[in-house]
Amino acid sequence: MNTIPFSQDRPLDLIAIGRLCIDMNANEINRPMEETLTFTKYLGGSPANIAVAAARLGLRTGFIGKVANDQFGNYITSYLVKEGIDTGNIVVDRTGAVTGLAFTEIKSSEDCSILMYRDNVADLKLEPKDVKEEYIRQSKAILISGTALSKSPSREAVFMALEYAIKHNVLVFFDVDYRPYSWNSPEETGIYCRMVAEKSDVIIAGREEFDLMEAPFGELRHDDWYTAETWLRCKAKLVMVKHGSNGSISFTNDGKTFRSGTYPTIVVKTFGAGDSFAGAFIYGLFQGWSVDRCQKFGSASASIVVASHSCSDAMPTVEQIQAVIDRNEN
Ligand SMILES: Nc1ncnc2c1ncn2[C@@H]1O[C@H](COP(=O)(O)OP(=O)(O)O)[C@@H](O)[C@H]1O
Ligand SMILES: O=C(O)C[C@@H](O)[C@H](O)C(=O)COP(=O)(O)O
C-alpha cells in the first residue's frame with residue numbers, strides 16, 4: 001500500500017497554487033549586489049518552480065494563479081505552457097498590478113540573498129472567484145505555498161482551494177515557503193500557516209518555519225519530534241522537516257522516521273534547494289515509492305539545482321536525478 005493514498009482516475013496529478021514571478025539571477029557570481037552588472041531572467045516563485053520540477057519529472061501538472069498584464073506575465077505563462085503545465089486557470093490581472101521580481105545576489109556558495117520587489121504584485125491579487133471547484137476536483141493533489149496566505153484576497157483564494165480539495169478528496173501538500181518581507185509579522189505568518197497546516201496531508205517546511213507555526217501556541221521547542229507529534233495529531237500523514245545542507249528528517253503517521261543526508265555537489269548558490277527537493281519528493285510519492293527513497297530522490301534533485309545558475313530552468317529529469325544516486329551508491 002502507498003504511504004500516501006491518492007485518489008485515482010483524475011486527469012491531473014498536481015495543481016500548484018500561488019506565486020508566479022521572475023528571478024533575476026546575478027551573472028557575475030561570487031560578488032556583492034553592488035558590483036553586479038548583469039542578470040539572467042528566469043521563471044521564479046516557489047510554487048512555480050515546484051510545478052516545473054514536477055512537470056519535468058512527468059507529473060501532469062496545472063497551476064492556479066494570477067499574472068500581470070504585461071510582457072513578464074506573458075513570459076511566465078508561455079514558459080509554463082512550454083513545460084507542459086496546464087495554464088487554463090491562470091488569470092490575467094486587470095488592475096495594473098505588476099510581476100514580482102527577485103534579484104539574487106550570489107556572494108559565495110554559502111552567502112546568497114534575494115532583493116524582492118513585491119509591491120502591488122499580481123500573484124497576491126488572486127481572488128476566491130478565480131479558484132474553480134471543478135478544476136480542483138480534477139486533480140489528485142494540490143500544492144499550497146504559504147506566501148500566498150500573506151495578503152488578501154490571495155489568502156481567501158487559498159482557503160477556498162483548500163476547502164474544495166478537502167471536499168473532493170484531493171490530497172493537500174503544504175510548503176510553508178516563509179518569505180518575511182511578504183508578511184506584517186511572524187505572528188501573522190504563524191497563525192495563518194497553522195490554519196492551513198492543520199488541514200494538510202503532507203507538510204514540508206524548514207525547522208524555522210515549523211517554529212513559526214508552533215510559536216504562538218506555547219513554549220518553543222525547536223524539536224523535530226515535538227513537531228511531528230503536533231502535526232501528525234492533526235490531519236497530516238507525513239511531516240517533512242528540512243535542514244538545509246544537513247539534509248532532512250521525515251515522520252509518517254504509522255510511527256516511522258526517515259533521515260536523508262545530502263549528495264556532494266559543487267554549490268553555486270543556496271536557493272532552489274527547497275523547491276527542487278519538494279518537486280522530486282512529491283514525484284516519488286506519486287510513484288508509490290517508500291518515503292526513504294522519495295527523500296533521497298528529493299535530495300539528489302536539490303544537489304543538481306544548487307550546482308546550477310537557476311532554479312526553474314535547472315529542474316532535472318528522472319534520469320539526471322537517478323544518475324546522481326547511482327554515482328554515489330557505487
Ligand atoms: N548545499 C547543499 N548541497 C546538497 N544538497 C543540499 C544543500 N542544501 C540543501 N540541500 C538539499 O535540499 C534540501 C532542502 O534544502 P533547504 O535549504 O532545507 O530548503 P529551502 O531552500 O527551502 O530552505 C535539503 O534537505 C537537502 O537535501
Ligand atoms: O520564490 C521566489 O519568489 C524566489 C524563487 O524563485 C527563488 O529562486 C528561491 O528563493 C527558491 O526558493 P528555495 O527553493 O526555497 O530556496
Side-chain angles (χ1 to χ4, degrees), residues 16 18-26 39-53 65 72 76 79 99-106 108-118 121-124 143 145-148 150 174-182 203-210 224 240-250 258-282 284 294-316 321 324-325 328:
R19 194 151 87 264
L20 292 162
C21 296
I22 302 280
D23 284 351
M24 293 287 200
N25 289 2
F39 300 85
T40 299
K41 165 168 93 14
Y42 300 105
L43 170 78
S46 175
N49 293 336
I50 296 175
V52 171
F72 280 150
I76 289 168
Y79 189 96
T99 305
L101 302 178
F103 286 87
T104 62
E105 175 186 56
I106 308 175
S108 75
S109 57
E110 287 102 42
D111 188 2
C112 300
S113 60
I114 303 184
L115 288 181
M116 283 277 181
Y117 289 78
R118 288 192 51 75
V121 284
D123 59 271
L124 291 174
L143 168 83
S145 165
T147 302
S150 64
F174 180 41
D175 185 326
V176 173
D177 178 38
Y178 177 52
R179 310 280 168 166
Y181 44 75
S182 300
I203 309 171
I204 303 174
R207 181 61 263 155
E208 305 75 28
E209 294 174 324
F210 278 111
D224 295 345
M240 168 64 71
V241 190
K242 296 180 291 179
H243 285 281
S245 55
N246 292 319
S248 57
I249 181 163
S250 66
F258 305 90
R259 281 179 190 277
S260 168
T262 58
Y263 285 90
T265 190
I266 299 169
V267 179
V268 171
K269 41 92 177 120
T270 54
F271 42 84
D275 296 341
S276 47
F277 176 85
F281 179 73
I282 290 170
C294 299
Q295 210 160 328
K296 279 193 187 143
F297 201 71
S299 183
S301 176
S303 77
I304 295 171
V305 171
V306 294
S308 317
H309 190 252
S310 76
C311 295
S312 53
D313 238 29
M315 292 301 176
I321 300 176
V324 169
I325 296 171
N328 283 281

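Not measured: the values here are computed from a predicted model. Only heavy atoms go into these numbers, but all of them, side chains included; no hydrogens, no water, no symmetry mates. Both ligands and their constituent atoms are indexed starting at 1 by order of listing.
- Around ligand 1 you find K242, H243, G244, S245, G247, S248, T262, Y263, T265, V267, A273, G274, F277, S299, A302, each with a heavy-atom distance below 4.0 Å.
- Side-chain atoms of K269 come within 3.5 Å of backbone N or O of S308 as a donor-acceptor pair.
- Close approach to I114 involves these atoms of ligand 2, each under 4.0 Å from a residue heavy atom: 10 (O).
- Note: an N/O pair closer than 3.5 Å links R19 and ligand 2 by distance alone.
- Side-chain atoms of Y79 and I22, non-hydrogen and from C-beta on, never get closer than 4.5 Å to each other.
- Atom CE in M315 sits 9.5 Å away from atom CD1 in I321 (nearest 0.5 Å).
- Among all heavy-atom pairs drawn from S145 and D177, the shortest one is OG-OD2, 2.9 Å.
- Looking at heavy atoms from C-beta onward, D224 lies out of side-chain contact with F210 at the 4.5 angstrom threshold.
- Counting heavy atoms closer than 4.0 Å to ligand 2, residue D23 contributes side-chain atoms (C-beta onward) but none from N, CA, C or O.
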* Report the C-alpha distance between Y181 and R118 in whole Å, list the side-chain angles of each, state the deciding distance to 0.1 Å, and finish with yes or no for side chain to side chain contact (heavy atoms under 4.5 Å, CB included). => CA-CA 9 Å; Y181 44 75; R118 288 192 51 75; 3.8 Å; yes
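- Heavy atoms of T104 found under 4.0 angstrom from ligand 2: none, in either backbone or side chain.
- In this structure a side-chain-to-backbone donor-acceptor pair under 3.5 Å is missing from S301 to P316.
- The nearest protein atom to atom 10 (O) of ligand 2, hydrogens excluded, is given as R179 NH1, 3.0 Å; this is a heavy-atom distance.
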* Output, in order, the C-alpha distance, side-chain angles, deciding distance and verdict of side chain to side chain contact (heavy atoms under 4.5 Å, CB included) for M116 and C21. => CA-CA 10 Å; M116 283 277 181; C21 296; over 6 Å; no
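- Atoms of ligand 2 found under 4.0 Å from any heavy atom of C311, numbered from 1 in the order shown, are 8 (O).
- Polar contact with ligand 2: present for S46 (N/O pair, distance under 3.5 Å).
- Under a 4.0 Å criterion applied to the non-hydrogen atoms of M116, ligand 2 contributes the atoms 2 (C), 3 (O), 4 (C).
- Geometrically, ligand 2 and G274 share a nitrogen or oxygen pair separated by less than 3.5 Å.
- Contact annotation: the side chain of T104 never approaches that of F39 to less than 4.5 Å [non-hydrogen atoms, C-beta and beyond].
- For N49, the side chain to side chain donor-acceptor pair (under 3.5 Å) partners are D275, not counting sequence neighbours.
- With hydrogens and angles disregarded, a donor-acceptor distance shorter than 3.5 Å links the side chain of S108 to the backbone of E110.
- A distance-only check finds a donor-acceptor pair linking the side chain of N25 to the backbone of H309 [under 3.5 Å].
- Residue-ligand proximity, G44 to ligand 2, at heavy-atom distances under 4.0 Å covers atoms 6 (O).
- When non-hydrogen atoms are compared, ligand 2 lies under 4.0 Å from the backbone of A273 (N, CA, C, O) but not from its side chain.
- Between the side chain of S299 and the backbone N or O of K296 there is no donor-acceptor pair closer than 3.5 Å.
- Below 4.0 Å from some heavy atom of F271 lie the following atoms of ligand 2, by number and element: 8 (O), 9 (C), 10 (O), 16 (O).
- Remark: the backbone N or O of C112 is not paired with any side-chain donor or acceptor of T270 at under 3.5 angstrom.
- From the protein, the heavy atom lying nearest to atom 16 (O) of ligand 2 is G272 N, 2.8 Å.
- Between D177 and ligand 2, not a single N/O pair is under 3.5 Å apart.
- At least one N or O atom of G45, backbone or side chain, sits closer than 3.5 Å to an N or O atom of ligand 2.
- Nearest protein heavy-atom neighbour of atom 11 (C) of ligand 2: D275 OD2, 3.3 Å.
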